[in-house]
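Structure record follows, encoded as C-alpha coordinates.
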Amino acid sequence: MSDERLSTGIGGLDRALDGGVPPGSLVVVTAGADSPGERIPYAFADAHPARYYSTLRPGGAVDEAMAASSAGVDEFEFRDEEDSPTRVQDVRRGDLLAGPSDRFASLSAGETVVVDPVNTLERADRDDYRAFLDGLIAGLRTAGGIGVLNAHTVPDTPAGRDLTLGLADVVLDLRMLVEDRVSWKLVVKKCRRGSIPPKPLALAFDEGVRVDETRELR
(Lines give C-alpha, C1' and ligand atoms only; values in the text may rest on other atoms or scores of the structure.)
Protein backbone atom coordinates (compact mmCIF):
# COMPACT_ATOMS: atom_id res chain seq x y z
CA MET A 1 0.00 0.00 0.00
CA SER A 2 1.30 3.47 -0.91
CA ASP A 3 2.14 5.82 1.95
CA GLU A 4 1.33 8.89 -0.17
CA ARG A 5 -1.22 11.25 1.36
CA LEU A 6 -3.04 14.35 0.14
CA SER A 7 -3.86 17.20 2.48
CA THR A 8 -7.41 17.77 3.69
CA GLY A 9 -6.62 21.47 3.94
CA ILE A 10 -6.88 21.29 7.75
CA GLY A 11 -3.52 20.79 9.44
CA GLY A 12 -4.78 19.13 12.60
CA LEU A 13 -6.92 16.69 10.61
CA ASP A 14 -3.95 15.84 8.41
CA ARG A 15 -1.91 15.00 11.49
CA ALA A 16 -4.70 12.81 12.87
CA LEU A 17 -4.88 10.94 9.54
CA ASP A 18 -1.14 10.26 9.27
CA GLY A 19 -0.61 13.06 6.78
CA GLY A 20 -3.98 13.28 5.04
CA VAL A 21 -6.03 10.94 2.85
CA PRO A 22 -4.71 8.55 0.17
CA PRO A 23 -4.98 9.70 -3.46
CA GLY A 24 -8.17 8.47 -5.11
CA SER A 25 -10.22 8.62 -1.91
CA LEU A 26 -13.91 9.42 -1.75
CA VAL A 27 -14.57 11.47 1.39
CA VAL A 28 -18.04 12.02 2.86
CA VAL A 29 -18.72 14.82 5.35
CA THR A 30 -21.91 14.31 7.36
CA ALA A 31 -23.19 17.42 9.15
CA GLY A 32 -26.42 19.24 9.83
CA ALA A 33 -27.62 21.67 7.20
CA ASP A 34 -27.70 24.30 9.97
CA SER A 35 -24.07 23.69 10.95
CA PRO A 36 -20.83 25.29 9.72
CA GLY A 37 -19.87 21.91 8.23
CA GLU A 38 -19.62 23.31 4.68
CA ARG A 39 -16.31 24.85 5.67
CA ILE A 40 -14.76 21.38 5.69
CA PRO A 41 -15.31 20.88 1.92
CA TYR A 42 -14.13 24.48 1.46
CA ALA A 43 -10.82 23.50 3.06
CA PHE A 44 -10.38 20.50 0.74
CA ALA A 45 -11.14 22.69 -2.27
CA ASP A 46 -8.73 25.36 -1.10
CA ALA A 47 -5.89 22.87 -0.79
CA HIS A 48 -5.90 21.55 -4.36
CA PRO A 49 -7.15 22.39 -7.85
CA ALA A 50 -10.86 21.65 -7.57
CA ARG A 51 -14.20 21.36 -9.32
CA TYR A 52 -16.90 22.49 -6.91
CA TYR A 53 -20.47 21.55 -7.82
CA SER A 54 -23.04 23.58 -5.87
CA THR A 55 -26.47 21.93 -5.95
CA LEU A 56 -28.16 24.32 -3.51
CA ARG A 57 -26.60 27.77 -3.46
CA PRO A 58 -25.62 30.18 -6.26
CA GLY A 59 -22.05 29.69 -7.38
CA GLY A 60 -21.18 33.29 -6.55
CA ALA A 61 -22.39 32.85 -2.97
CA VAL A 62 -20.17 29.80 -2.57
CA ASP A 63 -17.21 31.71 -4.01
CA GLU A 64 -17.72 34.52 -1.50
CA ALA A 65 -18.13 32.18 1.45
CA MET A 66 -15.06 30.18 0.46
CA ALA A 67 -12.96 33.31 0.11
CA ALA A 68 -14.11 34.56 3.51
CA SER A 69 -13.33 31.27 5.25
CA SER A 70 -10.00 30.53 3.59
CA ALA A 71 -8.27 33.24 5.59
CA GLY A 72 -8.98 31.29 8.77
CA VAL A 73 -8.16 27.80 7.53
CA ASP A 74 -5.70 25.88 9.67
CA GLU A 75 -2.20 25.83 8.24
CA PHE A 76 -1.00 22.82 6.29
CA GLU A 77 2.09 21.95 4.31
CA PHE A 78 0.99 21.32 0.74
CA ARG A 79 -0.86 24.42 -0.38
CA ASP A 80 0.32 26.33 -3.42
CA GLU A 81 -2.08 29.20 -4.03
CA GLU A 82 -0.99 29.72 -7.61
CA ASP A 83 -1.63 26.07 -8.45
CA SER A 84 -4.89 25.69 -6.49
CA PRO A 85 -7.73 27.28 -8.48
CA THR A 86 -11.27 26.27 -7.55
CA ARG A 87 -14.00 26.37 -10.15
CA VAL A 88 -17.46 26.63 -8.60
CA GLN A 89 -20.15 25.32 -10.93
CA ASP A 90 -23.77 26.19 -10.20
CA VAL A 91 -25.78 23.03 -10.93
CA ARG A 92 -29.02 24.03 -9.20
CA ARG A 93 -30.95 24.10 -12.45
CA GLY A 94 -29.13 21.28 -14.20
CA ASP A 95 -29.19 17.57 -13.48
CA LEU A 96 -25.67 16.58 -12.55
CA LEU A 97 -26.64 12.94 -13.06
CA ALA A 98 -27.68 13.55 -16.67
CA GLY A 99 -24.25 14.66 -17.78
CA PRO A 100 -21.82 12.57 -19.79
CA SER A 101 -20.78 9.27 -18.24
CA ASP A 102 -17.13 10.23 -18.75
CA ARG A 103 -17.51 13.59 -16.96
CA PHE A 104 -14.68 12.71 -14.57
CA ALA A 105 -12.43 10.91 -17.05
CA SER A 106 -10.49 14.11 -17.76
CA LEU A 107 -9.64 15.13 -14.18
CA SER A 108 -6.20 16.65 -13.88
CA ALA A 109 -3.64 14.98 -11.64
CA GLY A 110 -4.55 15.45 -7.98
CA GLU A 111 -7.76 17.35 -8.74
CA THR A 112 -10.45 17.54 -6.05
CA VAL A 113 -14.16 17.18 -6.84
CA VAL A 114 -16.73 18.55 -4.36
CA VAL A 115 -20.50 18.05 -4.47
CA ASP A 116 -22.26 20.32 -1.98
CA PRO A 117 -24.67 19.06 -0.86
CA VAL A 118 -25.11 15.58 -2.30
CA ASN A 119 -28.66 15.13 -0.93
CA THR A 120 -30.38 16.03 -4.22
CA LEU A 121 -28.45 13.33 -6.05
CA GLU A 122 -29.18 10.80 -3.31
CA ARG A 123 -32.92 11.34 -3.84
CA ALA A 124 -32.71 10.68 -7.58
CA ASP A 125 -32.98 7.35 -9.39
CA ARG A 126 -30.82 4.83 -7.55
CA ASP A 127 -29.21 3.37 -10.68
CA ASP A 128 -28.39 6.84 -11.99
CA TYR A 129 -26.81 7.84 -8.69
CA ARG A 130 -24.82 4.60 -8.50
CA ALA A 131 -23.51 5.20 -12.03
CA PHE A 132 -22.52 8.75 -11.04
CA LEU A 133 -20.59 7.49 -8.01
CA ASP A 134 -18.89 4.74 -10.01
CA GLY A 135 -17.79 7.27 -12.63
CA LEU A 136 -16.54 9.68 -9.97
CA ILE A 137 -14.59 6.99 -8.14
CA ALA A 138 -13.00 5.73 -11.36
CA GLY A 139 -11.95 9.26 -12.30
CA LEU A 140 -10.49 9.93 -8.87
CA ARG A 141 -8.50 6.70 -8.88
CA THR A 142 -7.06 7.49 -12.31
CA ALA A 143 -6.18 11.11 -11.47
CA GLY A 144 -5.12 10.46 -7.89
CA GLY A 145 -7.45 13.14 -6.59
CA ILE A 146 -10.00 13.46 -3.80
CA GLY A 147 -13.79 13.45 -3.99
CA VAL A 148 -15.72 15.22 -1.24
CA LEU A 149 -19.46 14.76 -0.82
CA ASN A 150 -21.13 17.09 1.68
CA ALA A 151 -24.04 15.00 3.01
CA HIS A 152 -26.51 17.03 5.06
CA THR A 153 -27.97 15.17 8.01
CA VAL A 154 -31.74 15.66 7.76
CA PRO A 155 -34.79 13.99 9.39
CA ASP A 156 -35.88 12.54 6.04
CA THR A 157 -32.72 10.64 5.14
CA PRO A 158 -32.28 10.38 1.35
CA ALA A 159 -32.80 6.89 -0.04
CA GLY A 160 -29.33 6.83 -1.57
CA ARG A 161 -27.45 7.68 1.63
CA ASP A 162 -26.46 4.03 2.09
CA LEU A 163 -24.65 4.14 -1.26
CA THR A 164 -22.89 7.37 -0.28
CA LEU A 165 -21.61 5.94 2.99
CA GLY A 166 -20.98 2.44 1.71
CA LEU A 167 -18.77 3.55 -1.18
CA ALA A 168 -16.94 6.21 0.82
CA ASP A 169 -13.32 5.61 1.76
CA VAL A 170 -13.39 8.21 4.54
CA VAL A 171 -16.38 9.41 6.58
CA LEU A 172 -16.09 12.57 8.70
CA ASP A 173 -19.01 13.24 11.05
CA LEU A 174 -19.44 16.73 12.54
CA ARG A 175 -21.41 16.98 15.79
CA MET A 176 -22.43 19.89 18.01
CA LEU A 177 -21.96 19.77 21.78
CA VAL A 178 -23.82 22.17 24.07
CA GLU A 179 -22.56 22.35 27.62
CA ASP A 180 -21.31 25.54 29.23
CA ARG A 181 -20.40 26.59 25.69
CA VAL A 182 -21.15 25.48 22.15
CA SER A 183 -18.41 23.31 20.70
CA TRP A 184 -17.94 21.11 17.68
CA LYS A 185 -16.38 17.69 17.42
CA LEU A 186 -15.32 15.80 14.33
CA VAL A 187 -15.42 12.02 14.44
CA VAL A 188 -13.55 10.00 11.83
CA LYS A 189 -16.02 7.14 11.51
CA LYS A 190 -14.34 5.39 8.60
CA CYS A 191 -10.93 5.38 6.96
CA ARG A 192 -10.62 2.49 4.57
CA ARG A 193 -6.92 2.89 3.80
CA GLY A 194 -5.52 4.12 7.08
CA SER A 195 -5.83 4.18 10.84
CA ILE A 196 -8.85 5.74 12.54
CA PRO A 197 -8.13 8.32 15.25
CA PRO A 198 -9.39 6.87 18.56
CA LYS A 199 -10.67 10.23 19.82
CA PRO A 200 -12.84 12.95 18.27
CA LEU A 201 -11.20 16.17 17.15
CA ALA A 202 -12.25 19.53 18.56
CA LEU A 203 -12.97 21.89 15.66
CA ALA A 204 -12.98 25.67 15.92
CA PHE A 205 -14.85 27.73 13.34
CA ASP A 206 -13.30 31.16 13.75
CA GLU A 207 -13.13 32.59 10.26
CA GLY A 208 -12.45 29.24 8.63
CA VAL A 209 -11.94 25.87 10.28
CA ARG A 210 -9.14 24.44 12.36
CA VAL A 211 -8.49 21.71 14.88
CA ASP A 212 -8.14 23.05 18.43
CA GLU A 213 -5.42 20.74 19.65
CA THR A 214 -5.45 22.37 23.09
CA ARG A 215 -8.82 20.75 23.84
CA GLU A 216 -9.70 17.10 24.37
CA LEU A 217 -13.23 15.86 23.76
CA ARG A 218 -14.93 12.66 24.85
Side-chain angles (χ1 to χ4, degrees), residues 1-9 14 19-29 38 40-63 65-67 70 76-151 160 163-172 192-194:
M1 183 191 334
S2 172
D3 292 331
E4 184 182 358
R5 291 289 188 271
L6 296 176
S7 176
T8 64
D14 285 349
V21 298
S25 293
L26 181 64
V27 179
V28 173
V29 179
E38 62 194 20
I40 298 173
Y42 290 173
F44 276 90
D46 198 46
H48 309 281
R51 300 184 190 185
Y52 201 111
Y53 295 100
S54 176
T55 66
L56 182 63
R57 303 170 63 210
V62 175
D63 271 327
M66 196 179 303
S70 65
F76 54 96
E77 297 178 2
F78 309 107
R79 183 179 182 194
D80 183 339
E81 292 186 4
E82 294 184 357
D83 294 332
S84 300
T86 297
R87 293 174 289 166
V88 178
Q89 301 184 39
D90 188 334
V91 292
R92 291 175 299 156
R93 294 180 177 83
D95 187 355
L96 194 56
L97 301 184
S101 58
D102 60 351
R103 178 194 301 274
F104 302 113
S106 60
L107 293 176
S108 60
E111 189 170 9
T112 292
V113 177
V114 178
V115 180
D116 176 25
V118 74
N119 294 50
T120 302
L121 279 62
E122 294 174 316
R123 297 189 189 280
D125 179 83
R126 187 175 181 86
D127 290 340
D128 289 346
Y129 181 49
R130 176 61 192 257
F132 172 84
L133 290 175
D134 287 344
L136 173 58
I137 291 169
L140 294 171
R141 293 293 172 88
T142 299
I146 305 172
V148 184
L149 306 179
N150 189 19
L163 290 177
T164 304
L165 298 176
L167 291 174
D169 297 298
V170 178
V171 177
L172 307 175
R192 187 167 275 147
R193 290 183 282 165

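Remember, it's a predicted structure, so these values are computed and weren't measured experimentally.
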Please name the pair of heavy atoms, one in [X] and one in [Y], separated by the smallest distance, quoted to 0.1 Å.
{"X": "Ser7", "Y": "His48", "value": "O-NE2, 2.8 Å"}
{"X": "Leu56", "Y": "Pro117", "value": "CB-CD, 3.6 Å"}
{"X": "Ala47", "Y": "Gly9", "value": "CB-CA, 3.8 Å"}
{"X": "Ala45", "Y": "Val114", "value": "CB-CG2, 4.3 Å"}
{"X": "Val62", "Y": "Ser54", "value": "CG2-OG, 3.6 Å"}

[X] side chain to [Y] backbone, donor-acceptor under 3.5 Å:
{"X": "Arg103", "Y": "Leu96", "result": "yes"}
{"X": "Arg193", "Y": "Pro23", "result": "yes"}
{"X": "Asp102", "Y": "Ala105", "result": "no"}

| query | Heavy atoms, side chains only, cut-off 4.5 Å: are Tyr129 and Val118 in contact? | reply |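 Side chain of Tyr129 against side chain of Val118, heavy atoms only: contact under 4.5 Å found.
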| said: Contact between Arg57 and Asp116 at the side-chain level, heavy atoms closer than 4.5 Å - yes or no? | reply: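 Not in contact.
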| request: With side chain to side chain contact (heavy atoms under 4.5 Å, CB included) as the test, would you mind laying out the steps for Leu121 and Leu149 before giving the verdict? | output: CA-CA 10 Å; Leu121 279 62; Leu149 306 179; over 6 Å; no
Kindly compute the distance separating [atom1] ([X]) from [atom2] ([Y]), expressed to the nearest 0.5 Å.
{"X": "Leu163", "Y": "Asp127", "atom1": "CG", "atom2": "CG", "result": "9.5 Å"}
{"X": "Arg51", "Y": "Glu111", "atom1": "CZ", "atom2": "CD", "result": "4.5 Å"}
{"X": "Asn150", "Y": "Tyr42", "atom1": "CG", "atom2": "OH", "result": "9.0 Å"}

| Going by atom types alone, do Asp14 and Thr8 pair a side-chain donor with an acceptor below 3.5 Å? |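 The criterion, which ignores hydrogens and geometry beyond distance, is satisfied for Thr8 and Asp14.
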| message | Taking CZ in Arg130 as the centre, count heavy atoms belonging to other residues, nucleotides or ligands within less than 6.0 Å. Is the count above 12? | response |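 No, not enclosed.
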| request: Test Val115 against every option in Thr120, Thr55, Thr164 by the side-chain contact (heavy atoms from CB on, under 4.5 Å) rule and name the one that passes. | output: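 With Val115 as partner, side-chain contact (heavy atoms from CB on, under 4.5 Å) holds for just one option, Thr55.
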| So among Ile146, Asp169, Val148, Leu172, which one has a side-chain contact (heavy atoms from CB on, under 4.5 Å) with Val21? |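 Only match with Val21 under side-chain contact (heavy atoms from CB on, under 4.5 Å): Ile146.
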| query | Step by step, would you call Phe44 with Tyr52 a ring pair (Phe, Tyr, Trp, His ring centres under 6.0 Å)? | reply | CA-CA 10 Å; Phe44 276 90; Tyr52 201 111; over 10 Å; no
| request: For side chain to side chain contact (heavy atoms under 4.5 Å, CB included), just list the numbers for Leu140 and Leu107, CA-CA rounded to whole Å, side-chain angles, deciding distance to a tenth of an Å, and then say yes or no. | output: CA-CA 7 Å; Leu140 294 171; Leu107 293 176; 4.0 Å; yes
